[in-house]
Amino acid sequence: IISAMVGNIECCDDVWVVSRGAGESLKAIGFQGDYHVMHNGVDFEKGRVSEAEVAEAVKGYDLPEGIPMFLYVGRLITYKNVPMILDALKKVSDAGVDFRMVFIGKGPDMEMLQQKAAEYGFMEDNDIPGKCIFTGPVYDRDVLRAWNTRADLFIFPSTFDTNGLVVREAAACGLASVLIEGSCAAEDVTDGRNGFKIEESADAMADFLKEAVKDMPFIGFHSGV
């Protein structure tokens, strides 16, 4: 099947891929031709949304001022390294750092992830607000822009995705991403300039977040820009 697929691709006059990693994956399964990298674009208008739009989008969620808010948007599934986020945040919490982690999306492992978050004490319990919020899927593009505006960091540890469209959506809103070194999502990202790159481990993510929150200005919703 792989041979037939590669043969069909090699019959094409031009082969486009969304990242160098995707192109090298083709090479790894036997593709002998050349490819052109054509990065994905986004339909988000460049820039942050208004304070009023952010307030409307996040209305009803416990997001205190001065508490860092992290965001993940995408399928809730283990092969995107989503459990690593929770494992890292457990270490962050044990270090005495407060936060809110918002997961937007759905997927086959959503219930498992919610259970894991509950075991770590991150889910709402009676009058105690939860540190993790699962909103379910959000299809309204303007609402997604508002969430990206409200967040302080976008966390995307996937090494599976060939391009990471959500990373570019976050960037369009001026939101920096935390990415795995060597992943397709981290291509063309310069650490500390237009994003952050870490090793693929909960320890590395926790260490980065603990340091990041010390200098994080929380300029999103709080400044009204």
Side-chain angles (χ1 to χ4, degrees), residues 2 5-6 8-10 12-48 70-85 88 101-110 113 135-149 151-201 204-205 208:
I2 292 175
M5 179 180 71
V6 171
N8 283 334
I9 295 173
E10 289 183 336
C12 297
D13 295 316
D14 231 6
V15 176
W16 289 16
V17 294
V18 294
S19 64
R20 291 188 299 276
E24 291 308 303
S25 292
L26 280 180
K27 294 282 191 179
I29 61 173
F31 177 65
Q32 299 294 316
D34 296 324
Y35 61 81
H36 302 283
V37 177
M38 178 59 67
H39 296 295
N40 284 331
V42 297
D43 61 357
F44 275 18
E45 182 179 348
K46 183 180 178 180
R48 304 167 72 83
F70 309 130
L71 178 66
Y72 168 91
V73 179
R75 292 196 74 201
L76 297 178
I77 194 162
T78 56
Y79 62 63
K80 285 180 176 279
N81 264 342
V82 183
M84 181 194 296
I85 299 176
M101 178 70 222
V102 177
F103 294 94
I104 296 180
K106 63 180 181 178
D109 296 325
M110 181 173 180
L113 293 166
T135 69
V138 173
Y139 300 113
D140 188 308
R141 308 297 284 161
D142 290 329
V143 173
L144 280 174
R145 286 185 68 215
W147 275 109
N148 277 284
T149 298
D152 295 297
L153 280 173
F154 190 83
I155 302 181
F156 193 70
S158 175
T159 58
F160 171 82
D161 292 73
T162 56
N163 188 252
L165 186 61
V166 288
V167 173
R168 283 159 172 76
E169 291 175 344
C173 300
L175 178 62
S177 295
V178 182
L179 307 165
I180 302 300
E181 178 75 50
S183 68
C184 291
E187 286 185 14
D188 301 321
V189 169
T190 300
D191 184 50
R193 185 175 68 85
N194 59 344
F196 303 98
K197 297 192 283 191
I198 61 171
E199 294 180 2
E200 188 178 358
S201 74
M205 182 180 291
F208 170 80

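FYI, the numbering just counts along the sequence from 1.
Checked against side-chain hydrogen bond (donor to acceptor under 3.5 Å, both in side chains), E200 has the following partners two or more places apart in sequence or in another chain: N81. Listed by chain and residue number, R141 satisfy the salt bridge (Lys or Arg N to Asp or Glu O under 4.0 Å) test with D43 (two or more places apart in sequence, or in another chain). M5 pairs by the side chain to side chain contact (heavy atoms under 4.5 Å, CB included) definition with I9, I29, not counting sequence neighbours. R168 is linked by a salt bridge (Lys or Arg N to Asp or Glu O under 4.0 Å) to nothing, counting only residues two or more places apart in sequence or in another chain. Evaluation of the ring pair (Phe, Tyr, Trp, His ring centres under 6.0 Å) rule for F44 yields no partner, not counting sequence neighbours. Considering only residues two or more places apart in sequence or on other chains, D161 meets the salt bridge (Lys or Arg N to Asp or Glu O under 4.0 Å) condition with K80. With sequence neighbours excluded, the residues that form a side chain to side chain contact (heavy atoms under 4.5 Å, CB included) with T78 are P83, D109, M112. With sequence neighbours excluded, no residue forms a side-chain hydrogen bond (donor to acceptor under 3.5 Å, both in side chains) with Y72. Applying the side chain to side chain contact (heavy atoms under 4.5 Å, CB included) criterion to D34, with sequence neighbours excluded, gives no partner residue. In this structure I104 satisfies the side chain to side chain contact (heavy atoms under 4.5 Å, CB included) test together with L71, V73, V102, T135, V138, L144, W147, sequence neighbours excluded.
To the nearest 0.5 Å, atom CD of residue E24 and atom OG1 of residue T162 are 13.5 Å apart. Between atom CZ of residue R145 and atom CG of residue L175 there is a gap of 12.5 Å, rounded to the nearest 0.5 Å. The structure places SG of C173 at 11.5 Å from NZ of K46, a figure rounded to the nearest 0.5 Å. Distance CZ/F160 to CD1/I180: 15.5 Å, rounded to 0.5 Å.
Minimum heavy-atom separation, P157 to M205: CB-CE, 3.8 Å. The minimum heavy-atom distance between M110 and G105, with the atom names listed, is SD-O, 4.2 Å.
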For this session: Begin with the C-alpha distance, continue with both residues' side-chain angles, and end with the deciding distance and a verdict on side-chain contact (heavy atoms from CB on, under 4.5 Å) for F70 and V178.
Result: CA-CA 10 Å; F70 309 130; V178 182; over 6 Å; no
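Proximity of a side-chain donor or acceptor of E169 to a complementary backbone N or O of V42 within less than 3.5 Å is not detected. The main-chain N or O of L179 is never found under 3.5 Å from a side-chain atom of S177 such that the two would form a donor-acceptor pair. A distance-only check finds a donor-acceptor pair linking the side chain of Q32 to the backbone of G30 [under 3.5 Å]. The closest donor-acceptor contact from the side chain of E187 to the backbone of S19 lies at 3.5 Å or more, if one exists at all. A distance-only check finds a donor-acceptor pair linking the side chain of N163 to the backbone of V18 [under 3.5 Å].
When side chains are defined from C-beta on, K27 counts as touching Y35, because their heavy atoms get closer than 4.5 Å. F31 has its side chain within reach of V15: a pair of non-hydrogen atoms, C-beta onward, lies under 4.5 Å apart.
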Check residues 192-199 and write down every donor-acceptor pair under 3.5 Å in which the side-chain atom is one partner and the other belongs to a residue at least two apart or another chain.
from, atom 1, to, atom 2, distance (Å)
N194, OD1, T190, N, 2.7
N194, ND2, D188, O, 3.4
K197, NZ, V189, O, 2.9

